[in-house]
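Working notes for the structure below.
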2 protein chains.
Amino acid sequence: MEDTTTRPAGSVLIAEDLRAVVALLVRRIRANPAFPPHQFGVLRTIDRIGPQTASQLAVLELVRPQSMAHTLQQLDEAGYISRHAHPTDGRQTLIALSDDGRIALDQQRREITGWLAAAIEENLTADERDTLADAVTLLSRIVEA
Amino acid sequence: MEDTTTRPAGSVLIAEDLRAVVALLVRRIRANPAFPPHQFGVLRTIDRIGPQTASQLAVLELVRPQSMAHTLQQLDEAGYISRHAHPTDGRQTLIALSDDGRIALDQQRREITGWLAAAIEENLTADERDTLADAVTLLSRIVEA
DNA sequence: TATTGTTATACTCTATAACTATA
DNA sequence: TATAGTTATAGAGTATAACAATA
């Protein structure tokens, strides 16, 4: 009966608790009125760093190129992205946000993230929000490792 | 061009960054040799708090009862759980870990969480690990809110 | 031959709807 | 009627394998 109240903060125990809470967090996020979270993430990435090839997006989002092709097809059908031929390399296609994509992204920024932002605002103190913000930075480092 | 280096740590910005890093973290976790993460989570929950009904597990894992039924069927086919009739209520079925389930859980505890624990150990200082452990507690509070 | 991208197929996870059995 | 549980079906997300087009 391993107890979590007296844990020595060892990496293994942090890892297991982090896995568990992240799984629950993903479900809470997905349960909210939303359009598909991964599609949102791709739009967000294009908005953040500009038009990208499918391969580059796959690397950035940590998925296989085939998986990204599937997501891009869905975004294309929804009219949220536009594809542009690469000026010199005929194999590559640059993916950009369409006007509708930008509108959708801005709307989702307000609506989707709403529940999570409100939960942070209402359940954490200012100091705790700082701790969470710091942890997000630490998690980014771990993900990129 | 919203800049993240000078962010005022507002809840909305924390929420969006948290969403993004959590999505990447899930993919990093899933990319590692593993058996299905949610199945692992269910075994872990039963181990932590003892045999439960399917409905109770659905509440704890934040999924619908039908989704839990599906996961339990997979765990049953794998031989990782056993089902026991409720002593007084014929509608209920208590779900317990089988011997194979315990073996699988212990093995996955070592193997699956391995990458994440190593990444935490290698990429964070002791203080940063404390920050992350604190953040996990804060996230638990948010998820349960 | 190597790279970029796509299509085909399958599996995990989750949902809603509809059903059965028991209280 | 209400509750516990299951089955049927569908969609998001991801993977591997196989293929086409371009460099």
Side-chain angles (χ1 to χ4, degrees), chain A residues 19-20 22-43 45 51-78 80-81 83-95 108 112, chain B residues 19-20 22-43 45 51-78 80-81 83-95 108 112:
Chain A
R19 270 176 59 106
V22 158
L24 296 178
L25 191 56
V26 165
R27 286 184 205 122
R28 283 298 298 262
I29 291 170
R30 177 161 34 194
N32 271 69
F35 89 161
H38 178 42
Q39 295 180 28
F40 174 79
V42 172
L43 293 183
T45 294
Q52 301 290 317
T53 65
S55 296
Q56 288 169 325
L57 286 172
V59 170
L60 291 169
E61 295 289 313
L62 299 180
V63 297
R64 301 286 171 179
Q66 302 96 316
S67 302
M68 184 53 65
H70 184 225
T71 299
L72 291 177
Q73 186 183 9
Q74 292 174 317
L75 286 170
D76 205 351
E77 288 168 0
Y80 291 156
I81 57 171
R83 299 174 191 255
H84 306 272
H86 191 281
T88 59
D89 188 336
R91 296 170 302 180
Q92 298 185 35
T93 302
L94 285 169
I95 312 294
Q108 298 300 327
I112 297 188
Chain B
R19 270 177 59 106
V22 158
L24 296 178
L25 190 57
V26 165
R27 287 184 203 120
R28 284 298 298 261
I29 290 170
R30 179 161 33 196
N32 273 66
F35 88 160
H38 178 43
Q39 295 180 27
F40 174 78
V42 172
L43 294 183
T45 295
Q52 301 290 317
T53 66
S55 296
Q56 288 170 327
L57 286 172
V59 170
L60 292 168
E61 295 290 313
L62 299 180
V63 297
R64 302 284 170 179
Q66 301 96 317
S67 302
M68 183 53 65
H70 184 227
T71 300
L72 292 176
Q73 186 183 9
Q74 292 174 317
L75 287 170
D76 205 351
E77 286 169 359
Y80 292 156
I81 58 172
R83 299 174 192 254
H84 307 273
H86 191 281
T88 59
D89 189 335
R91 295 170 304 181
Q92 298 186 36
T93 303
L94 285 168
I95 312 295
Q108 298 299 327
I112 297 187

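Chain letters run A, B, ... following the sequence lines, proteins first and then strands; every chain starts at 1. A quick note: this is a predicted structure, and the numbers were derived from the prediction, not measured.
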Item to check | Distance-minimising heavy-atom pair for B:Thr53 and B:Gln92 | outcome: CG2-OE1, 3.2 Å

Between atom [atom1] in [X] and atom [atom2] in [N], what is the gap in whole Å?
X: A:Gln56; N: C:dT3; atom1: CD; atom2: P; value: 15 Å
X: B:Gln73; N: C:dC11; atom1: CD; atom2: C1'; value: 14 Å
X: B:Met68; N: C:dA15; atom1: CE; atom2: P; value: 10 Å
X: A:Leu94; N: C:dG5; atom1: CG; atom2: C1'; value: 13 Å
X: A:Arg64; N: D:dG13; atom1: CZ; atom2: C1'; value: 14 Å
X: A:Leu72; N: C:dG5; atom1: CG; atom2: C1'; value: 10 Å
X: B:Gln66; N: C:dT20; atom1: CD; atom2: P; value: 16 Å
X: B:His70; N: D:dT6; atom1: NE2; atom2: C1'; value: 12 Å

Please determine if a side-chain N or O atom of [X] lies less than 4.0 Å away from the OP1 or OP2 oxygen of [N].
X: A:Ser67; N: D:dG13; result: no
X: A:Arg27; N: C:dC13; result: no
X: B:Arg28; N: D:dT14; result: no
X: B:Gln39; N: C:dC13; result: yes

Any idea which of [options] is nearest the [X] side chain?
X: A:Pro65; options: D:dT7, C:dT6, C:dT22; result: C:dT6
X: B:Arg91; options: D:dA23, C:dA21, C:dG5; result: C:dA21
X: A:Pro36; options: D:dT14, D:dA17, D:dA12; result: D:dA12

Item to check | Within-4.5 Å side-chain heavy-atom neighbours: B:Ile95 and B:Gln56 | outcome: no

Checklist entry - Tell me, do B:Leu72 and B:Leu57 make a side-chain contact under 4.5 Å, heavy atoms counted? => result yes

Categorize [X] for me: base, sugar-phosphate, or nothing, with a 4.0 angstrom heavy-atom threshold over every strand shown.
X: B:Ser55; value: sugar-phosphate
X: A:Gln74; value: sugar-phosphate
X: B:His86; value: nothing

Item to check | Derivation of the side chain to side chain contact (heavy atoms under 4.5 Å, CB included) call for B:Thr88 and B:His86 | outcome: CA-CA 6 Å; B:Thr88 59; B:His86 191 281; 3.2 Å; yes

Checklist entry - Is it the case that A:Thr45 and A:Gln52 place a side-chain donor and acceptor less than 3.5 Å from each other? => result no

Item to check | DNA chain C: 5'-proximal contact among A:Ala69 and A:Ala31 (nearest heavy atom) | outcome: A:Ala69

Checklist entry - Pick the nucleotide of DNA chain D nearest each of A:His38 and A:Thr88; which residue has the one closer to the 5' end? => result A:His38

